[in-house]
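Values in this document were obtained by computation on a predicted structure and should not be read as measured data.
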Amino acid sequence: MSPNSTGATPTDPFTAFAVGRDVDFDGAVMHQALGSRVTDHRGLIDLPALAVLFDDLGGYRFFIEDPAATSLQSRLTMAMLDRPDVDERVQATADLRMSSPGYGTTTVEITGDGGRVLCSGLARNVRVGRAASGPAELNLAVPQAPNDVPIVDALPGGLTGREVIDAIRRGAPIGPIATMLGGSISAADDDGLTYTTETAAWMGNMMGTMHGGVIGAVVAQGCSFGAQLYTGAGQRYQMVDFTVAFLRSPAVDGRRIHTRVSPIKLGRRLSVFDADLRDEDGTLLAHATADVRFDV
């Protein structure tokens, strides 16, 4: 199997990221079976792998208060507290902290084995006037762990981040999650990096545009590559904070969208990155910031 193989083509964001609800849990609890398909170019699970779970549950409690009206998340704020293992099964819970006719605020917490907290944060909810193209998926069995592609071997440990990114652009494995997202690194220069994604129908939500969790995963993965670009020889990194504002939802008809990532502050231990997601004509779709640790 090719190191950049995606395995079976997903049918929707939930099967792609193995997200669903166990039978004995209420709707405000969701689970995700992690696996090799959501690992990155380092062979690790990082924040992008949890974005669909976080986003979908982040909107659930607000949605069920008025299921006749469609709602979306306008912003996600995620803080990574620990890194999940590749074969871990994680659980997310949500609480609606504020609700009005048009807006809501939901807190989300994701825990792993032994109840240790992996990720926590906030989702801002908003009701919209758009018609749904299909029913909301509320009863989702948790798929099997997505281990249909191999974990890639990390590149030699003595490479600088620039050398890692250059190697990926020359054909080294970009990682299963980036491959599943239709991603490639289309530019890398002294000012940052561009991560390009080819949209696909499976990325859609019930309104026929890109699911917010997939947008979050795309932009976060771009931020991960942007951070990699600036690592020193053999230096490791982890994204610890990520905030994304959803401005427009792209269509999922094969068009390409581009995440441009630029450093705001490069530090020895903590660096801050800025990211804009745009379509081919330059329309701004999402804006994000990411804090990345370089001392892990």
Kindly work out whether a path of hydrophobic side-chain contacts (I/L/V/M/F/W/Y, heavy atoms less than 4.5 Å apart) joins [X] to [Y].
X	Y	value
Phe63	Val214	yes
Phe17	Leu118	yes
Tyr60	Leu96	no
Val292	Ile168	yes
Leu44	Leu229	no

With a 3.5 Å distance limit and no angle check, can you tell me whether [X] reaches the backbone of [Y] through a side-chain donor-acceptor pair?
X	Y	value
Arg278	Ile257	no
Asn147	Ser36	yes
Glu88	Asp85	yes
Thr106	Gly58	yes
Asp281	Thr283	yes
Thr199	Gly254	yes

Taking all heavy atoms of [X] and all of [Y], pick out the closest pair and write down the distance.
X	Y	value
His41	Pro173	CB-O, 3.9 Å
Tyr230	Leu266	CD2-CD1, 3.6 Å
Leu270	Lys265	O-NZ, 4.2 Å
Pro263	Phe273	CA-CD2, 3.7 Å
Tyr195	Gly183	OH-CA, 3.5 Å
Gly43	Val86	O-CG2, 3.9 Å

Can you measure from [atom1] ([X]) to [atom2] ([Y]) and round to the nearest 0.5 angstrom?
X	Y	atom1	atom2	result
Leu53	Ile110	CG	CD1	4.5 Å
Ser99	Phe62	OG	CZ	5.0 Å
Asp95	Thr107	CG	OG1	4.5 Å
Arg21	Gln91	CZ	CD	12.5 Å
Glu65	Asn125	CD	CG	9.5 Å
Asp276	Ser262	CG	OG	8.0 Å

Between the side chains of Arg124 and Thr105, does any donor sit under 3.5 Å from an acceptor? yes
Any donor-acceptor N or O pair under 3.5 Å, side chains Asp56, His211: yes
Step by step, work out the side-chain contact (heavy atoms from CB on, under 4.5 Å) result for His258 and Arg256. CA-CA 7 Å; His258 309 278; Arg256 291 168 19 124; 3.9 Å; yes
Mark yes when over 12 heavy atoms from residues, nucleotides or ligands other than Arg75 sit less than 6.0 Å from its CZ; otherwise mark no.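 Not more than 12 within 6.0 Å, no.
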Counting only heavy atoms not in Asp153 (residues, nucleotides, ligands), do more than 12 fall under 6.0 Å from its CG?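 No, the 6.0 Å shell around CG holds no more than 12 heavy atoms from other groups.
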Identify whether the distance between the nearest side-chain nitrogen and carboxylate oxygen of [X] and [Y] falls below 4.0 Å.
X	Y	value
Arg255	Glu280	no
Asp82	Arg116	yes
Arg37	Asp148	yes
Asp189	Arg260	yes

Can you find a heavy atom in the side chain of [X] that is under 4.5 Å from one in the side chain of [Y]?
X	Y	result
Leu277	Ile215	yes
Leu285	Leu247	no
Thr160	Val164	no
Phe225	Ile174	yes
Pro48	Ile177	yes
Ser249	Met207	no
Val126	Gln73	no
Ser120	Leu81	yes

Using side-chain hydrogen bond (donor to acceptor under 3.5 Å, both in side chains) as the criterion, list what pairs up with [X], not counting sequence neighbours.
X	value
Ser186	Thr196
Glu109	none
Thr243	Thr77

Qualifying residues under side chain to side chain contact (heavy atoms under 4.5 Å, CB included), relative to Asp12, sequence neighbours excluded: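 Asp12 satisfies side chain to side chain contact (heavy atoms under 4.5 Å, CB included) with Phe14, Thr15 once adjacent residues are dropped.
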Between Phe246 and His287, is the ring centroid distance below 6.0 Å? no
Determine, step by step, whether His31 and Val90 satisfy the side-chain contact (heavy atoms from CB on, under 4.5 Å) criterion, reporting the C-alpha distance in whole Å, the side-chain angles of both residues, the deciding distance to 0.1 Å, and the verdict. CA-CA 6 Å; His31 294 83; Val90 302; over 6 Å; no
For a side chain to side chain contact (heavy atoms under 4.5 Å, CB included) with Pro176, tell me which candidate from Leu181, Val38, Val152 qualifies. Val152
For residues 232-240, please give each side-chain donor-acceptor pair under 3.5 Å, one per line with the distance, not counting sequence neighbours.
unit_1 : atom_1 : unit_2 : atom_2 : d
Gln235 : OE1    : Gly232 : N      : 2.7
Gln235 : NE2    : Phe294 : O      : 3.0
Arg236 : NE     : Val296 : O      : 3.3
Arg236 : NH2    : Val296 : O      : 3.4
Tyr237 : OH     : Ser224 : O      : 3.1
Tyr237 : OH     : Ser224 : OG     : 2.8

Any chance you could lay out the side-chain contact (heavy atoms from CB on, under 4.5 Å) test for Val261 and Asp274, step after step, and finish with the verdict? CA-CA 6 Å; Val261 184; Asp274 187 87; over 6 Å; no
Of all pairs that satisfy salt bridge (Lys or Arg N to Asp or Glu O under 4.0 Å), the ones with a partner from residues 161-174, not counting sequence neighbours: Arg162-Asp190
Begin from the C-alpha positions of Arg89 and Leu34 and carry the test side-chain contact (heavy atoms from CB on, under 4.5 Å) through to its verdict. CA-CA 6 Å; Arg89 185 182 180 89; Leu34 300 176; over 6 Å; no
